[in-house]
Amino acid sequence: MRIGSREDLAAARSEAVAEMKSQAKRILVCAGTGCLAGGSEKIYQKLKSLAEGSEGVSVEFGAEIAHFGVKQSGCHGFCEMGPLVRIEPMNYLYIKVREEDCEEIFEETIKANRPVERLLYELDGKRYLGQDDIPFYAKQTRQVLKNCGHIDAENINEYFAVGGYQALEKALFEMTPDEIVEVVMESNLRGRGGGGFQTGYKWKQVRRQQETIRYVVCNGDEGDPGAFMDRSVMEGDPHKMLEGMIIAGYAVGAQEGYIYVRAEYPLAVKRLRVAIAQAEEAGILGDDIMGSGYSFRIHINRGAGAFVCGEGSALTSSIEGERGMPRTKPPRTVEQGLFGKPTVLNNVETYANVPMIILNGADWYHQIGTEKSPGTKAFALTGSVKNTGLIEVPMGTTLREIVFDIGGGIKGDAGFKAVQIGGPSGGCLVTDNLDVPLDFDSLKKLGAMIGSGGLVVMDENTCMVEVARFFMNFTQNESCGKCVPCREGTKRMLEIMEDIVAGRGTMEQLDLLQELGEAITDTALCGLGKSAALPVLSTLKNFREEYVEHIVDKRCRTGNCKALRRFVIDPEKCKGCSKCARNCPAGAISGEIKHPYVIDNDKCIRCGACMEGCTFGAIHTEF
């Protein structure tokens, strides 16, 4: 059915709702990237075959005869417990499901209306029947991620059934472009890609340009290690993002939009293509959208995985077919962006917020989050935390609530040490920051930033010097090389970091690290370069004693820096066989036959050949 009017949209929505309600039971198999890697495709196919083979079976559910649908949804968020299967309307969430569990799920839950107890989430001896009661979900406020895991990501009718494209309808038929911009301005929606720039003001700047050809661009590149928020939206609820882009296009007078998504997200690309094709067929995209007279088309561009293309001008250069490199500003993207024309550039999560704001109003949006950072924020919670996954919380939620309430605490009940927030562009938060509200302004005061939303939790066994070296290695490799501060400065900082973890560092180098980091931050060409040194600067500030230990004591307290480990021979276990001395390539082991041997750690090259070859287990490491 092609939608040519508001009446057509209402009819399509009624039909979609009726179809969804006709499924007295819905089986939603998580088909996000994580669960697919865990085997959820086989689970889906098995459940589907069981459903298709049971057409002649009448299953009583209340007063209805059950018609059950088996669907592939997007990411449910609880990645630690995948593969996940959700059963509606009972709201059961089955965790760590395997293909061999499918028949039991079908017989017990679908036919007999009983939960499979062993597949329910359990904590402290309590099993949780309903998904919303599980602590991981109960303490979240899922707005952007509301539909992820609840609808078929490749079926536009299911998006219609949950109210999809109502905001677009309102924008096209009840609001002027200026009114749309004003509502977004009043909402104070700030960009969720990292900078936190006010979205409405950006739209207003594009709208007031004299040039009539304008573009809307969506940044789906998401290059931060450990981040997968935008990917999950594109995979699980792509139409919400498309709806936001179409509204943005109408508001600023653009006729075309581009989605820049990294090629390493093949599932996101596939589902975006399906969503765009379905929207075009339905009359939601293309010429004369829903009979409104407004036309808009969306194209997909795949990036080659360059981290620097997360920066606006580098991203637009890449779409144009040029090498992705930032340019000097002004002019800014809102004045001369894609193809030299005024361009609105926001990320996936930002656009996904727009339909809710248009539909519910700016005042509603301000009821969530903080005064200066309203709304919610999606985070990818990873690292040394019990419940890894994708979460969404109001802006201003504390780190303690995220790590210990939603995340369930530190794995192995180890001590909390730090959180790296915002990926390579962010900084680390420590125990003293656990009760600081996570919003744009509060983190800026701490020398950190939300970034795109990656949260890597680290426990007491993590070497913060090695963490800083890892991120510096990442940013140095990803530097586009255009400006000297980033190209040469990050290279020199990485050399110093490698010296320190290898036991070659000096105290003078700590001062040089600080000086280089501040210089790069002040003088780099683009935002990515300006934030490249943050992981080093923040760890220097919060964990300076670990740097000093690496340099002065030649010791890594966590044992992660292998170059600083010391090999020791236990005289009680050593039989004096001389095998270790004969195997040592550096001649660092000496002694007499049938007497305990000793290792000269000044000569030792830390290769571990002695420990690997010792028959009696007499050699161990000390840190």
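What's counted below: heavy atoms across the whole structure, side chains too, no hydrogens, waters or symmetry copies.
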Which atoms form the tightest heavy-atom contact between [X] and [Y], and what is the distance?
X: Asn387; Y: Leu381; value: O-CD2, 3.6 Å
X: Arg271; Y: Pro238; value: O-CG, 4.1 Å
X: Asn461; Y: Thr558; value: O-CB, 3.4 Å
X: Cys75; Y: Cys148; value: O-CB, 3.5 Å
X: Val233; Y: Ala352; value: CG1-CB, 4.4 Å

Open item on the list: Tell me whether Gln131 contacts the main-chain N or O of Leu93 through its side chain, where contact means a donor paired with an acceptor under 3.5 Å.
Closed with: no
Do [X] and [Y] sit within salt-bridge range, that is, some charged N less than 4.0 Å from a carboxylate O?
X: Arg469; Y: Glu466; result: yes
X: Lys71; Y: Glu88; result: no
X: Lys46; Y: Glu100; result: no
X: Arg114; Y: Glu108; result: yes

Less than 4.5 Å apart, any side-chain heavy atom of [X] and any of [Y]?
X: Glu401; Y: Ile406; result: no
X: Asp413; Y: Lys386; result: yes
X: Tyr94; Y: Ile105; result: yes
X: Tyr265; Y: Asp230; result: no
X: Met395; Y: Phe440; result: yes

Going by atom types alone, do [X] and [Y] pair a side-chain donor with an acceptor below 3.5 Å?
X: Asn347; Y: Thr350; value: yes
X: Gln278; Y: Tyr159; value: no
X: Arg13; Y: Asn157; value: no

Task: With Lys270 via side-chain hydrogen bond (donor to acceptor under 3.5 Å, both in side chains) - residues at least two apart - done: Glu154
Open item on the list: I'd like to know whether CG of Asp435 has more than 12 heavy-atom contacts from other residues, nucleotides or ligands below 6.0 angstrom.
Closed with: yes
- [ ] Flag the pair Tyr121 / Phe136 as yes when their ring centroid distance falls below 6.0 Å, and as no otherwise.
- [x] no
TODO: Identify, with sequence neighbours excluded, every residue that meets salt bridge (Lys or Arg N to Asp or Glu O under 4.0 Å) alongside Arg118.
DONE: Asp101, Glu104
Open item on the list: Met464 and side chain to side chain contact (heavy atoms under 4.5 Å, CB included): which single residue from Arg557, Gln420, Lys417 fits?
Closed with: Lys417
Open item on the list: On the six-membered ring of Tyr44, is Lys48 placed so that its NZ or CZ lies under 6.0 angstrom from the centre and within 45° of the ring axis?
Closed with: no
